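The block underneath contains the structure these notes are about, expressed in structure tokens.
As the structure is a prediction and not an experimental result, all values here were calculated from the model. Convention: sequence-line order gives letters A, B, ...; per-chain numbering from 1.
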There are 2 protein chains.
Amino acid sequence: MTKPDLLIHTAFKLFYEQGIHAVGINTILNETGVAKKTLYHHFSSKEALVEAVLKYRDHIFMDWLTSRMLAAGEGKAAVLAIFDALDDWFHNQVPELLPFKGCFFVKANGEFSNHAVNALCLRHKHNITSFIQANLVNSTSALHAAELAQSISVLKEGAIAQAYVAGDLEAAKRAKAMAVALLG
Amino acid sequence: MTKPDLLIHTAFKLFYEQGIHAVGINTILNETGVAKKTLYHHFSSKEALVEAVLKYRDHIFMDWLTSRMLAAGEGKAAVLAIFDALDDWFHNQVPELLPFKGCFFVKANGEFSNHAVNALCLRHKHNITSFIQANLVNSTSALHAAELAQSISVLKEGAIAQAYVAGDLEAAKRAKAMAVALLG
DNA sequence: AACAAGAGAGACCGATTGGTCTACTTATAG
DNA sequence: CTATAAGTAGACCAATCGGTCTCTCTTGTT
């Protein structure tokens with residue numbers, strides 16, 4: 001594993017567990033054993049590292065989610081597979097996402113305002129909604145598919161938040177039941 | 001307004017806008033004009049102030065939500081009124097909650113781990129779910145009311161997260177439609 | 001009038017923050 | 001062989017963090 005990848009990987013783990021502002025550069029350096037000079041050779045600032053971490057997580061998460069959806073088929077079946085995937089995540093059955101601690105993008109978004117971080121979080125959420133919409137567009141009108149995708153996103157966000165903050169690990173199952181009713 | 005109240009009120013505003021770790025004690029002092037000695041006379045530490053701010057927001061939010069629910073009637077009507085209230089909040093029609101910037105408890109929870117803050121956030125969420133359940137217990141069995149209250153909470157959390165992170169200000173209307181189908 | 005308490009201004013503290021710099025070691029490629 | 005780049009160790013920097021302390025002024029109580 002290259003030094004930049006090691007830094008990103010470790011920084012993500014610490015940021016995800018403790019929050020971005022709560023983790024200092026020196027903590028990441030100690031954890032990785034990388035020299036400070038090396039970090040600043042690859043990243044111009046902590047902010048640049050944070051943005052790299054967000055893109056890294058976006059990549060990991062999207063790959064996982066889309067492959068779970070594609071494996072379930074097409075259309076509504078793929079959309080409903082989201083909630084089975086979330087259920088596995090909540091119960092720590094998805095090693096590549098690390099032990100469940102809520103949505104990293106929601107947490108990161110809450111720590112900044114009017115910042116590049118917010119734009120990256122927004123883009124991540126839009127990408128997911130767009131992918132959902134693409135899976136619904138053959139079953140109904142484009143307009144309706146867009147509306148449905150937004151509603152499915154509400155259920156997905158709700159399940160994650162409820163599982164994390166309220167500790168309701170079965171939230172994905174409830175969300176799936178509502179999604180089934182919604183998609184008919 | 002007493003000094004402690006002024007500090008709590010101002011600290012909340014800053015924490016809500018910028019995040020808890022991102023706002024230092026001195027910023028709060030400058031904003032309020034209160035002396036550092038006075039702050040530490042009333043609060044033993046920043047952590048103590050943070051906890052006071054969480055309890056303050058819990059009080060404001062619960063008062064607002066429960067009064068909106070009670071004004072709409074009882075049972076399912078009260079539960080569905082949650083989503084009308086959220087819609088007003090998202091569109092900044094609720095001055096006492098300040099301009100909408102997501103759920104303060106979700107944000108605060110994300111900045112700490114294994115901390116008194118997390119326990120306060122959990123309690124806040126449980127209080128709301130319990131109040132929802134109390135409004136459903138006359139319409140159905142106690143067991144079913146508990147399940148329904150959890151599902152309604154998923155919709156509520158989803159609407160807030162989606163409105164804030166993805167900027168979908170109509171999320172409450174979508175959530176309400178799903179709640180109607182659920183309670184149907 | 002006397003006095004204790006509350007509050008303000010702000011100097012000061014050690015620790016930590018993000019970030020720079022020098023000096024030295026490795027490793028790879030022409 | 002040599003030149004260039006990557007990496008290490010860690011001293012160092014100004015700024016800021018949360019928190020303490022002294023000194024002064026004001027306020028209300030008796």
**Report entry** Short N-O contact, Glu111(B) and Lys107(A), less than 4.0 angstrom
**Finding:** no

**Report entry** Interatomic distance where NZ belongs to Lys37(B) and P belongs to dA11(C) [whole Å]
**Finding:** 16 Å

Requested in this report: Using only heavy-atom distances, decide whether a donor-acceptor pair under 3.5 angstrom links the side-chain of Lys36(B) to the base of dG10(C).
Outcome: no

Query raised in the report: Salt bridge between Lys176(B) and Asp84(B), side-chain N to carboxylate O under 4.0 Å?
Result: yes

Query raised in the report: Can you tell me how far P of dA11(C) sits from CG of Asn26(B), to the nearest Å?
Result: 12 Å

Query raised in the report: How long is the line joining CD1 of Ile25(A) and P of dA15(C), in whole Å?
Result: 22 Å

Requested in this report: Tell me whether the OP1 or OP2 atom of dT8(D) has a side-chain N or O from Thr38(A) closer than 4.0 Å.
Outcome: yes

Query raised in the report: So which of residues 39-56 of chain A are in contact with DNA chain D, with a heavy-atom cut-off of under 4.0 Å?
Result: His41(A), His42(A)

Requested in this report: Check every atom of dG8(C), dG7(D), dT22(C) against the side chain of Val34(B) and return the nucleotide holding the closest atom.
Outcome: dG8(C)

Report task. Give a yes or no on this: more than 12 heavy atoms of other residues, nucleotides or ligands lie within 6.0 Å of atom CD of Glu74(A). Result -> no

Report task. Anything under 30° is parallel, anything over 60° is perpendicular, the rest tilted; go ahead and classify Tyr16(B) against Phe12(B). Result -> parallel

**Report entry** Rounded distance in Å - CG (Leu29(B)) to P (dT16(D))
**Finding:** 15 Å

Report summary line: Of the listed dA7(C), dG18(D), dT22(D), the closest approach to the Lys3(B) side chain comes from dA7(C)

Report task. Quickly work out the Leu7(B) CG to dG6(C) P distance and round it to whole Å. Result -> 16 Å

Query raised in the report: Between dT22(C), dG8(C), dG18(D), which nucleotide gets closest to the side-chain atoms of Ala35(B)?
Result: dG8(C)

Query raised in the report: For Lys125(B) and Asp168(A), what are the C-alpha separation, side-chain angles and deciding distance, and is it a salt bridge (charged side-chain N to carboxylate O under 4.0 Å, His left out)?
Result: CA-CA 11 Å; Lys125(B) 294 301 181 188; Asp168(A) 174 14; over 6 Å; no

Report task. Look at Asp58(A) together with Arg123(A) and state whether they make a salt bridge at an N to O cut-off of under 4.0 Å. Result -> no

